[in-house]
Amino acid sequence: MKKLLSIALALMLVLAMAAPAFAEGEYIAIISKGFQHQFWQTVLMGSEQAAADYNVEITFDGPASESEISVQIDQLNAALANNPAALCLAALDTESVTEQLLSAQEKGIPVIGFDSGVPNAPEGTIASTASTNNENAGALAATEMIKIEAVVSALEAATAEAPVTVAVFSQDATSASVTGRTIGFLNEFKALCEEIKPGQVAITGHDRYAEASAEPMAIDINVNVPASTSSTDCQTTAQGILAKDNLVAIFCSNEASVGGVLAATTDGSDLDRENGRYKDLIVIGFDAGVNQKTAVREQWFYGSVTQDPYMIGYYAVELAVKAINGEPIDEIVDTGCQFYTYENMDDEAIAPLLYD
């Protein structure tokens, strides 16, 4: 009996040592940009799993749509009024939450940004941010594109007299996520192309990214940014891309550019591998959504890069726990991304990340 009691006490001690340093049931408030979209529901799933793993309590709120800034502010105020142990925040508008961030700092409530976080927040108000490293995500698209035999063959056959074009379609040249993906793709793809045609690779199309080739250009990595983010302007830009000579492939850096390409190709059917008008064109997208998932499943798109909303939610809570415990944490934590094709999009590890 004494032996069993000793074993039980030892087990209790181990469990106590493994548990977080703060009391069970500590309240961590999570305020997202939205709530109903499947992306945010997947973030919620990840945060709930982290809460279970770390034995903490969480709440998860967000406005019905990502245009309701005032609703998010009300939710943020309500959360802070309850003096949570930590706050996780994906702000719709940084300027609108500055007062709340300063208040949290004054109260000693650590704030963890997640997804896009809280860009340009007052210094010292954000302890860490759990988000996709967008440059890495763009680079992933580049490494997947260069694996495609048809792309490599076209690049190898390119000459200064008959250059080939690989287009990059980005909805804007200002937002951090889109520019990060664009830069990541350009840097990686240019480096890979230089191995095939040394000195003959140029980046054209937009002054922000332009790089001339050292020798006469054989490979043109052409960046395209529409006049606005409207669906009409995105479609018009896509039509211009499709009209380019010797177009080999397109990388679309977000859902808006994907939508533009789909609209310009009869919802993607013009990319059909057997009978489509652009049957030889390789397209790689970004994110998910019903139409993009259909394009990948039908093989109109070769594949797409998806963020990992589950891990965004998980890491947000994990970082909050560490901040509460006073543990050192990195300023930015990469939540990762995945590349999906028609072959793996239904896999257990990928399917939950492909939101509608």
Side-chain angles (χ1 to χ4, degrees), residues 30 32-54 58 60 62 64-66 88 90 114-116 130-134 136-145 147-148 177-178 180-181 184-185 250-262 265 267-269 271-273 282-319 333-356:
I30 304 173
S32 75
K33 285 184 174 181
F35 188 79
Q36 295 177 343
H37 195 285
Q38 189 176 338
F39 179 92
W40 298 114
Q41 288 299 307
T42 306
V43 172
L44 171 59
M45 289 171 57
S47 63
E48 288 176 332
Q49 184 59 58
D53 290 348
Y54 284 95
I58 64 168
F60 192 103
S65 74
E66 296 184 28
C88 302
F114 66 96
D115 186 44
S116 57
S131 65
T132 305
N133 184 313
N134 285 291
N136 288 350
L140 175 61
T143 58
E144 292 295 335
M145 184 177 285
K147 293 177 183 178
I148 303 169
S177 59
V178 172
R181 295 167 197 170
F185 180 89
I250 305 173
F251 168 54
C252 302
S253 65
N254 74 330
E255 280 193 86
S257 54
V258 165
V261 169
L262 291 176
T265 57
D267 294 329
S269 61
L271 296 165
D272 181 81
R273 293 295 143 205
I282 299 297
V283 182
I284 288 179
F286 202 101
D287 282 325
V290 174
N291 295 333
Q292 184 167 185
K293 290 195 295 184
T294 297
V296 173
R297 192 176 297 281
E298 296 291 337
Q299 300 180 58
W300 301 336
F301 277 23
Y302 177 81
S304 292
V305 178
T306 180
Q307 300 179 79
D308 194 333
Y310 184 91
M311 291 310 299
I312 288 174
Y314 191 96
Y315 280 131
V317 172
E318 182 178 76
L319 289 166
V333 174
D334 182 15
T335 54
C337 56
Q338 300 287 339
F339 188 77
Y340 67 98
T341 68
Y342 78 98
E343 294 179 304
N344 72 350
M345 63 189 300
D346 293 319
D347 291 356
E348 289 184 6
I350 300 294
L353 312 182
L354 307 184
Y355 46 87
D356 291 334

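Being a predicted model, the structure only gives us computed values, none of them experimental. We count residues from 1, following the sequence as given.
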Considering all heavy atoms, the nearest A141-F251 contact: CB-CE1, 3.5 Å
Polar side chain donor-acceptor pair, W40 to E66, under 3.5 angstrom: yes
Note, F39 side chain near L354 side chain (heavy atom, < 4.5 Å): no
Close side-chain approach of S116 to K33, heavy-atom, < 4.5 Å: yes
Check: I250 and I282 side chains under 4.5 Å, non-hydrogen atoms: no
side-chain contact (heavy atoms from CB on, under 4.5 Å) against S47, all qualifying residues, sequence neighbours excluded: I30, L44, I58, F60, V317
Test item: E255 and F286 side chains (from C-beta on) under 4.5 Å apart, heavy atoms: no
Minimum-distance pair of heavy atoms, taken over all atoms of S253 and R181: O-NH1, 2.9 Å
Point-to-point distance, once rounded to the nearest 0.5 Å, from CD of Q38 to OG1 of T42: 5.0 Å
Whether N136 side chain and A139 backbone form a donor-acceptor pair below 3.5 Å: no
Residues, nucleotides or ligands: over 12 heavy atoms within 6.0 Å of Y315 OH: no
Salt bridge (Lys or Arg N to Asp or Glu O under 4.0 Å) contacts in which one or both residues fall within residues 34-52, not counting sequence neighbours: none
Step-by-step side-chain hydrogen bond (donor to acceptor under 3.5 Å, both in side chains) determination, D272 to S269: CA-CA 5 Å; D272 181 81; S269 61; over 6 Å; no
For C252 against V261, the heavy-atom pair lying closest together: SG-CG2, 3.6 Å
Any pair counted as side chain to side chain donor-acceptor pair (under 3.5 Å), so long as it reaches residues 343-356, sequence neighbours left out: D287-Y355, K293-D356, R297-D346
Side chain proximity check, L140 to F185, heavy atoms < 4.5 angstrom: no
pair Q307-L353: side-chain heavy atoms closer than 4.5 Å: no
Steps toward side chain to side chain contact (heavy atoms under 4.5 Å, CB included) verdict (V283, L271): CA-CA 9 Å; V283 182; L271 296 165; 4.2 Å; yes
Shortest non-hydrogen contact from C88 toward A316: SG-O, 3.5 Å
Closest non-hydrogen atom pair between D308 and T335, with its separation: CB-O, 3.6 Å
Shortest non-hydrogen contact from A137 toward T132: CB-CG2, 4.2 Å
Close side-chain approach of S32 to F114, heavy-atom, < 4.5 Å: yes
Among T294, V258, I284, the one residue meeting side chain to side chain contact (heavy atoms under 4.5 Å, CB included) with F301: V258
Whether Y302 and F339 hold their rings parallel, tilted or perpendicular, with breakpoints at 30° and 60°: tilted
Whether Y310 and Y314 hold their rings parallel, tilted or perpendicular, with breakpoints at 30° and 60°: parallel
Atom CD of E298 with >12 non-hydrogen neighbours under 6.0 angstrom: yes
